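Here the structure is laid out as structure tokens; the discussion comes afterwards.
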Amino acid sequence: MSENRYDPHEVEPRWRRVWEEMDLFRADLEHAERPCYALVMFAYPSGDRLHVGHWYRYGPADSWARHMRMRGYDVFEPFGFDAFGLPAENYAVRTGVHPKDSTDSNVANMIAQLKAMGAMWDWARTLNTSEPAYYRWTQWLFLKLYEAGLAYRREAPVWWCPTDQTVLANEQVVGDNVCERCGTPVEKRDLTQWFFKITDYADELLEALDGLEWPERTKTLQRNWIGRSEGVEIEWKVQKADAVVRTFTTRPDTLYGVTFLALAPEHALLSTIVAPDRREEVEAYLARSRRLSEIERTSTEKEKTGVFTGAHAVHPLTREPVPIWVADFVLGTYGTGAIQGVPAHDQRDWEFARALDLPIVKVIESVDPAVAPADQAYTGHGTVVDSGPYTGMRSEQMLHEVIAELAHSGQGHKTVNYRLRDWLVSRQRYWGAPIPIIHCPQCGEVPVPEEDLPVELPYDVDFSLGAGKSPLERSAAFLEVDCPRCGQRARRDADTMDTFVDSSWYYFRYLSPHDDDRPWSPTLADRWLPVFQYSGGIEHAVLHLLYSRFVTKAMRDLGHVSIDEPFQRLFHQGTITNAGAKMSKSRGNVISPDEYVSQYGADAFRAYLMFGFSWAEGGDWKDEGIRAISAWLQRVWRIVERHRGLFADGYALREGDPSTEAAQELRLVRHRSVKGAGEDLAGWQFNTAIARMMELVNALYQYAPVEGEPAHDVHEPLLGECIETLVRLTAPIVPHLAEELWFMIGREPSIVDAGWPEFDPQVLATGEVTIAIQLNGKVRDEMRVPRDLSDEDLKDRAARHGRIPDLLQGRPIRKAIV
RNA sequence: GCCGGGGUGGCGGAACUGGUAGACGCGCGGGACUUAAAAUCCUGUGGGCGCGAGCCCGUGCGGGUUCGACUCCCGCCCCCGGCACCA
């Protein structure tokens, strides 16, 4: 290798050793004055090599954190592993390698690889959720929620994945009802399971989104998922029975158009109200609908079906009888499990009425007659017709009035419904935190006393997927236990917790990972939370990001923290693809970071990922990109190397007042670069931040060509100042190279504490500038003017400039814009 | 269907609250250095017309507001993501 080249392979490991010896990235959480908690999402140790995705999300996140440290923040940047979970266990089923062994070895390999990235992670505070010292507190969390009534066990129809042999949370069922993990179509089963009562927080989870600095689409995902819907619950007295059917509707203004009620097949009242002569037919219908899968039942393509129950309800306003049907398009899990059928103004009700020949009564007329198709329901608002005293009113107004009337007569009240369901947290798998509950024949559910935590996972278990029983269910050593309350023989709960429980509170634990008498320090939590800046994938929008918000709020209400939200600011990285497709082993298009890192160095790899893409978007991998950025790093190195002589001792780097035009221009670029790069880094716009640095480099080459001998006998403070600035600007992006250059110009390590360069808005506002002269929106000429010229003077000069007088022909210039 | 995001050169991507569209980079053309190549340095590069000064056209499509629109308004088309028989 020629002497005139930067060699990352020698430099990078050397500086990493120095940083480690300096203990540079150990955060002093107790004494921080400007805390900046820079958090990246957990890594899954499901493989032992880093892939491009790891570099793409962690490298830039570290660059942001580095720039914050240079700005004087006390940055805390931890890293840890979400080590429990199905992949490790499935691997064990296939190969017989114990999840603990494969996970531990993957974690060790990943840490070794991660260290080569040169990030500021504080490895003294790493976490591994599968270690008893961690999951002890996951179990503590469970117990706290249990004590507060926020964790409960009940039988419910739940999603079951036949491949993974476990239940799943609603949030883990994606697309056409398939398992988020393995893609297998899931089934509904009635099982007794543990839930966290996230629905208690539905309203706050929704409301508080407005105050979060999150991407709009992520907030939208959560809003849709929570699915708040305001409406009215209406009571319908059933004729000849001591029963009341409650329906939920968002459109009480259509009440006079109700021609039937429909109950879900699982509705509890059904057996009470069904007429004896209809019982047989109803039973047959229920049996039929039970056989249908959830997918078939809820398919919009499916013909509407239903059966008359023989019962009638009394219309709350007209007192007319309304037939009650059972129909499987009505969901037992939403609202009250019963609906008021208004065929004229609801498309589903319309289809139902057409299929079963029920009357369709129009009660709202569109104001615009053009929007009144005859072959479907009219769902908009308009003028009320055939609705007793409300006739002639605007439907929006009737909506309010009819609510008041129903409330007045005790037949209905305003209510809110949510799509959100409680979080199903139990899993019939081994590799997770055991649920700290003991089932005693005498005492029932008994929480494990806190002092007995952790309930440790036994190492010695049988992993074969047998007869629907998990390894823990088959482990007598684990299951058999004495009841902590009465001392009788009892049985441990054999389920483990969803791994999303592990990751729902880890940001607290990072603050005091070694405390063994409490999950976190309230003092540190108050000082460091909410997380200053969080980053990770959008795929967790309604999973981890929702669960963590719930856990934080629950812990707040239980008095364990004082914050309302865990993550104030959030960014999502995009995805790096190759040849237009996601990288995967099966496609054979996986780019291995190792090859590129060993060829170009960690800095170049990081810098390419930051420059070649808009970080939030991602994009397609291109080999030329990394070659280009690597060449640019050499270019940076060369210019600094060439002028290092400027930094001989005692040399003053004040940029002074440049006299020549070239010097003025260079100074201007310097200030512009500092401003631009700083703002862009702060906003995670890495590509444009680097572009600003490139402009400074280009300006330096213009100013001081590298041909020939450098003329350093000439006093050149501006050049020195610019070079020093350049080195500081690049430090967050290419930490190793910048540290080397910093050292090369005679400074002490480390550059992360050398401060971020400042710019002077005055400089950007003074000097001469070229402006375009537009007439009627078209550029007609340009001229050089001082930046601080007044509008009047500007107009005046422009009107006399070049060919402008000819074009103006005596008319004045109306407005000037600089 | 509803909600959110997006559509800009050959390519990746810029453009703050409307003010020279295409920063920066790749690729490509030209030049310097070299016996030569690589590397490096300089230079040109949205499209069309023109010898030239210059002119015309250009941010998915069609209208509009404005002295001026990638940006704002109205009506569409297409792509990505989420939700969806949610009453």
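Numbers restart at 1 for each chain; the letters A, B, ... are given by sequence-line order, proteins then strands. Because the structure is a prediction, the values reported are computed rather than measured.
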- prompt: Roughly how far apart, to the nearest Å, are C77(B) and A23(B) at atom C1'?
  reply: 30 Å
- request: Scan residues 686-696 of chain A against RNA chain B and write down, sorted by residue number, each residue with any heavy atom closer than 4.0 Å; if none is found, say none.
  value: Asn687(A), Thr688(A), Ala691(A), Arg692(A), Met694(A), Glu695(A)
query: Between Asp422(A) and Ile198(A), is there a donor-acceptor pair closer than 3.5 Å when you use the side chain of the first and the backbone of the second?
result: yes
field: Position toward the 5' end of RNA chain B (nearest nucleotide), Lys622(A) or Thr218(A)
entry: Thr218(A)
task: Indicate, with a heavy-atom threshold strictly under 4.0 Å, whether Gly337(A) touches base, sugar-phosphate, or nothing.
output: nothing
query: Which one is paired to G4(B), where only Watson-Crick or G-U wobble pairs with both distances under 3.5 angstrom count?
result: C80(B)
task: Considering only atom C1', compute the distance from U59(B) to G6(B) and round it to an integer number of Å.
output: 13 Å
message: Using whole Å, what does the distance between atom P of nucleotide G82(B) and atom CG of Asn224(A) come to?
response: 12 Å
statement: On RNA chain B, more 5' by nearest nucleotide between Asp349(A) and Val542(A) is Val542(A)
- prompt: With distance as the sole test, does Gln172(A) use its side chain to make a donor-acceptor pair with the main-chain N or O of Ala169(A) at under 3.5 Å?
  reply: yes
task: Establish, with yes or no, whether the OP1 or OP2 oxygen of A84(B) is under 4.0 angstrom from a side-chain nitrogen or oxygen of Arg419(A).
output: yes
- prompt: Arg5(A) side chain N/O closer than 4.0 Å to the phosphate oxygens (OP1, OP2) of U40(B)?
  reply: no
- request: Between A87(B), G4(B), G82(B), spot the one nearest the side chain of Glu216(A), thanks.
  value: G4(B)
- prompt: With both distances kept under 3.5 Å, what pairs with C61(B), Watson-Crick or G-U wobble?
  reply: G75(B)
message: Taking G82(B) as the reference, what is the distance to C72(B) when you measure between their C1' atoms (whole Å, please)?
response: 28 Å
query: With rounding to whole Å, what would you report as the distance between C28(B) and C11(B) at their C1' atoms?
result: 11 Å
Any-strand Watson-Crick or G-U partner of A14(B), both distances under 3.5 Å: none
message: Rounded to whole Å, please give me the gap between CD1 in Ile538(A) and C1' in C80(B).
response: 11 Å
field: Rounded distance in Å - CZ (Arg228(A)) to P (A87(B))
entry: 13 Å
message: Just N and O in the side chain of Gln702(A): are any of them under 4.0 Å from OP1 or OP2 of U43(B)?
response: yes
task: Tell me what Gly612(A) touches on the nucleic acid: a base, only sugar-phosphate, or nothing, going by heavy atoms under 4.0 Å.
output: sugar-phosphate
- request: Would you confirm whether the ring centroid of His315(A) sits within less than 6.0 angstrom of the ring centroid of Trp236(A)?
  value: yes
message: Quick check on G9(B): syn or anti? Syn means the glycosidic torsion is within 90 degrees of zero.
response: syn
- request: From the options A87(B), C41(B), C3(B), select the nucleotide whose nearest atom is closest to the side chain of Arg348(A).
  value: A87(B)
message: For G68(B), give the paired nucleotide (Watson-Crick: N1-N3 plus N6-O4 or O6-N4; G-U: N1-O2 and O6-N3; both under 3.5 Å), or none.
response: none
- prompt: Short question: side chain of Asn589(A), backbone of Lys582(A) - any donor-acceptor pair under 3.5 Å?
  reply: yes
Distance-only donor-acceptor check, side chains Arg419(A) and Asn170(A), under 3.5 Å: no
- request: Write down the distance separating the P atoms in A36(B) and G47(B), rounded off to the nearest Å.
  value: 32 Å
message: Of the options C42(B), G4(B), A87(B), whose atoms approach the side-chain atoms of Arg217(A) most closely?
response: G4(B)
- line: By the Watson-Crick or G-U definition, both distances under 3.5 Å, G27(B) is matched with U45(B)
task: Send over the distance from Trp225(A) CH2 to G4(B) C1', rounded to a whole Å.
output: 16 Å
task: For the pair Phe571(A) and Trp684(A), name the ring-plane relationship: parallel under 30°, tilted 30 to 60°, perpendicular over 60°.
output: tilted
- prompt: Of the nucleotides C83(B), A87(B), G25(B), which has the atom closest to the Leu331(A) side chain?
  reply: A87(B)
field: G5(B) and C73(B), which share atom name P, separated by this distance in whole Å
entry: 12 Å
Ring pair (Phe, Tyr, Trp, His ring centres under 6.0 Å) between Phe613(A) and Phe686(A), worked out: CA-CA 8 Å; Phe613(A) 311 87; Phe686(A) 303 102; over 10 Å; no
task: Kindly indicate whether the side chain of Lys304(A) and the base of C85(B) share any N or O donor-acceptor pair separated by less than 3.5 Å?
output: yes
Whole-Å distance separating the CD atom of Glu679(A) from the P atom of U17(B): 12 Å
Polar contact flag, side-chain donor to acceptor under 3.5 angstrom, Arg251(A)-Gln340(A): no
- line: To the nearest angstrom, the CH2-P distance between Trp637(A) and U40(B) comes to 13 Å
- request: Please tell me which of the listed nucleotides, A87(B), G82(B), C42(B), lies nearest to the side chain of Leu221(A)?
  value: G82(B)
message: Strictly below 4.0 Å: does Ser614(A) bring a side-chain N or O up to OP1 or OP2 of G12(B)?
response: no
- request: Would you please indicate yes or no on a ring centroid separation below 6.0 angstrom for Trp621(A) and Tyr56(A)?
  value: no
task: Write down the distance separating the C1' atoms in U45(B) and G9(B), rounded off to the nearest Å.
output: 10 Å
- prompt: When rounded to the nearest 0.5 angstrom, what is the spacing between NE2 in His671(A) and CG in Leu666(A)?
  reply: 9.5 Å
task: For C41(B), take OP1 and OP2 only and decide whether either is under 4.0 Å from a side-chain N or O of Arg635(A).
output: yes
query: Any chance the rings of Phe260(A) and Phe352(A) have centres within less than 6.0 Å?
result: yes
message: Between U20(B) and G46(B), how many Å separate the two C1' atoms, rounded to a whole number?
response: 15 Å
task: Mind calculating the distance between CZ (Arg421(A)) and C1' (C86(B)) to the nearest angstrom?
output: 9 Å
message: What is the separation between atom CZ on Arg223(A) and atom P on G5(B), rounded to the nearest whole Å?
response: 11 Å
field: Phosphate OP1/OP2 of A87(B): any Thr247(A) side-chain N/O under 4.0 Å
entry: no
- prompt: Paired with U40(B) by Watson-Crick or G-U wobble geometry, both distances under 3.5 Å: which nucleotide is it?
  reply: A32(B)
query: If only side-chain N and O atoms of Asn698(A) are considered, is one of them under 4.0 Å from the OP1 or OP2 phosphate oxygen of C42(B)?
result: no
query: If you check the Phe611(A) side chain, which of A87(B), C3(B), C24(B) turns out closest?
result: C24(B)
task: Assign Ala631(A) to base, sugar-phosphate, or nothing according to its heavy-atom contacts below 4.0 angstrom with the strands shown.
output: sugar-phosphate
